[in-house]
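What follows is one structure encoded as structure tokens, with my remarks underneath.
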Amino acid sequence: MVHQQKVALAGSARMELVSGVVQLRPEDAMVDAMLRGWRAQQKSRGLKDETIDPRERLIRRFLDFANEYPWQWTPAHMDEWSASLTSEKHLAPSTIRSYQGTVRLFTELLIDARYGWGPACEEAFGAYPVAIAHEWNTLPHLQDYEGDPEARPFTREELQRFLDYADDQVARAVKSKRKGALAAYRDATLFKVIYGWGLRRTETSKLDVVDFGRNPKARQFGRYGTLNVRYGKAKKGQPPRRRNVLSVMDWAVEAVADYVENVRPRFGFPDHPALWITERGGRLQPGSINDRFEAYRDALKLPKDLVPHSIRHSYVTHLTEDGVDRRFIQQQVGHECDSSTAIYTHVSDDFMNTALSKALAPAFAGV
């Protein structure tokens, strides 16, 4: 007869609880052990601290809200908390779903028999954890995009005005010989890169100079034929997704080449890897991109519903209007599903009328 040794899983009660030790506050000690166990379980799955830490903070906030210990939580606690997130905090549905998902993950660990937290709680406190997040008290994920419905892409005329204004700020700074000309040039180029390669704001801020490369099928772009986006939007709990974006706009390539070769060196930090550096030698952060964008948008009196992400929307929309293959656009912007690309696409009335005419032409042929 073969006896198999029972191995405790990372995050199990057996691994986290010290037997024979009398705790002054056993309930708090159990909660701390549970959170340590959950961290160990997530670490074993390859998750990083920047993913785990916010999750733990959220569980502690839920603990404070419920004012009960995890083995005393019920679905009613989830109901009340979700209602407060909606009516008091006024959080977006996607944020509420993310919070609910975090609580679900934690409680699923506690009720999983393989980890032993249920028996440990029952032995210590006469109660055990139960599932509190169900389909009837959490938000379902009904669509791929849940952003602000007012968000929209730039029209071509709006985008041209915006980029021209950014260029004008460079010219004004140079003419007046005031500080900030380099930063203005950097930001004018940055907005062109967001549009030219269809990037998100965070993806843009984390670009390095070496992320550009050659495309043997587009030799005219030289060393700027492709862009390796290393910090694409990650799935929950997963590392950032990489993608290679092919250069398609020659004027955007010319703009970034001029910046890298003639302007960026003037910042005086040749060893810094970042494409966008500050005058103090740091990496430009997403918040700074947002601040500059809003300043330009408001100066032009453009609608408030235009946000930095609208430039990325414009990339998808304008390429669609120009007849570029939908599958190619989907790969360029890193969408797994075509439905996401469809939501990003807000083609103009002229484009719709032209497309409709082409679609109806065969039906009316010979009429």
Side-chain angles (χ1 to χ4, degrees), residues 48 50 159 162-215 221-234 239-247 249-299 307-312 315 333-334:
K48 297 182 178 180
E50 49 262 39
L159 184 64
F162 183 88
L163 296 178
D164 286 346
Y165 184 83
D167 285 338
D168 289 343
Q169 302 316 297
V170 181
R172 290 180 183 179
V174 171
K175 185 177 181 179
S176 64
K177 298 181 180 180
R178 60 181 173 84
K179 185 179 178 181
L182 289 178
Y185 201 113
R186 175 201 64 206
D187 294 343
T189 309
L190 180 147
F191 292 128
K192 293 170 187 174
V193 168
I194 292 178
Y195 178 70
W197 283 267
L199 304 180
R200 300 178 177 90
R201 185 183 56 174
T202 300
E203 293 173 348
T204 306
S205 73
K206 292 187 176 182
L207 290 177
D208 286 349
V209 176
V210 297
D211 289 335
F212 284 99
R214 297 180 182 275
N215 180 359
F221 295 144
R223 58 168 291 200
Y224 301 96
T226 65
L227 178 59
N228 180 23
V229 178
R230 294 176 294 111
Y231 289 91
K233 186 176 181 180
R241 287 186 289 175
R242 288 174 175 256
R243 72 178 187 278
N244 279 323
V245 185
L246 300 182
S247 304
M249 301 181 187
D250 52 2
W251 63 268
V253 169
E254 291 172 4
V256 74
D258 180 50
Y259 165 77
V260 171
E261 295 162 16
N262 301 314
V263 177
R264 187 182 175 280
R266 299 186 184 183
F267 280 88
F269 302 96
D271 296 329
H272 201 297
L275 179 61
W276 317 110
I277 54 179
T278 68
E279 292 170 320
R280 295 186 177 182
R283 182 184 294 272
L284 191 70
Q285 297 301 310
S288 298
I289 298 175
N290 199 66
D291 292 342
R292 181 75 82 166
F293 175 90
E294 290 182 354
Y296 289 178
R297 179 199 63 194
D298 295 346
V307 296
H309 207 72
S310 298
I311 305 178
R312 174 174 157 88
Y315 173 85
V333 295

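Computed over heavy atoms, backbone and side chain alike; hydrogens, waters and symmetry mates excluded. Just so you know, residue 1 is the first one in the sequence shown, and it goes up from there.
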| task | Carefully, step by step, assess Phe221 and Phe212 under the rule side-chain contact (heavy atoms from CB on, under 4.5 Å). | result | CA-CA 10 Å; Phe221 295 144; Phe212 284 99; over 6 Å; no

Distance-minimising heavy-atom pair for [X] and [Y]:
X	Y	value
Glu203	Tyr231	CG-O, 3.4 Å
Tyr259	Ile277	OH-N, 4.1 Å
Gly180	Ala173	C-CB, 4.5 Å
Asp208	Ala274	OD1-CA, 3.5 Å
Gln285	Ser205	C-CB, 4.3 Å
Pro286	Thr202	CG-OG1, 4.0 Å

Any donor-acceptor pair under 3.5 Å linking the side chain of [X] with the backbone of [Y]?
X	Y	answer
Arg312	Gly198	yes
Arg201	His309	no
Tyr195	Ala252	no
Arg292	Phe191	no

Hey, are [X] and [Y] close enough for a salt bridge, meaning a charged N less than 4.0 Å from a carboxylate O?
X	Y	value
Arg223	Glu261	no
Asp211	Arg242	no
Lys175	Asp168	no

For the atom pair [atom1] ([X]) and [atom2] ([Y]), what is the distance rounded to the nearest 0.5 Å?
X	Y	atom1	atom2	answer
Arg186	Ser288	CZ	OG	7.5 Å
Asn228	Asn244	CG	CG	5.0 Å
Ile311	Leu199	CD1	CG	10.0 Å
Arg283	Leu275	CZ	CG	9.0 Å
Arg280	Phe269	CZ	CZ	10.0 Å
Ile289	Glu294	CD1	CD	12.5 Å

| task | Show your reasoning for whether side-chain contact (heavy atoms from CB on, under 4.5 Å) applies to Leu284 and Asp187. | result | CA-CA 10 Å; Leu284 191 70; Asp187 294 343; 3.9 Å; yes

| Going by the angle between their ring planes, with limits at 30° and 60°, are Phe162 and Phe293 parallel, tilted or perpendicular? |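 The rings of Phe162 and Phe293 sit tilted, inter-plane angle from 30° to 60°.
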
| field | Verdict with supporting geometry, Leu207 and Leu227, side-chain contact (heavy atoms from CB on, under 4.5 Å) | value | CA-CA 9 Å; Leu207 290 177; Leu227 178 59; 4.0 Å; yes

| Between Trp197 and Tyr224, does the ring centre distance come in under 6.0 Å? |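 Centroid distance Trp197-Tyr224: not below 6.0 Å, so no.
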
| task | Kindly check if the number of other-residue, nucleotide or ligand heavy atoms within 6.0 Å of CZ (Phe267) is above 12? | result | yes

| Considering residues, nucleotides and ligands other than Arg230, do more than 12 of their heavy atoms fall under 6.0 Å from its CZ? | yes

| task | State, yes or no, whether a side-chain contact exists between Arg264 and His272 at a heavy-atom distance under 4.5 Å. | result | yes

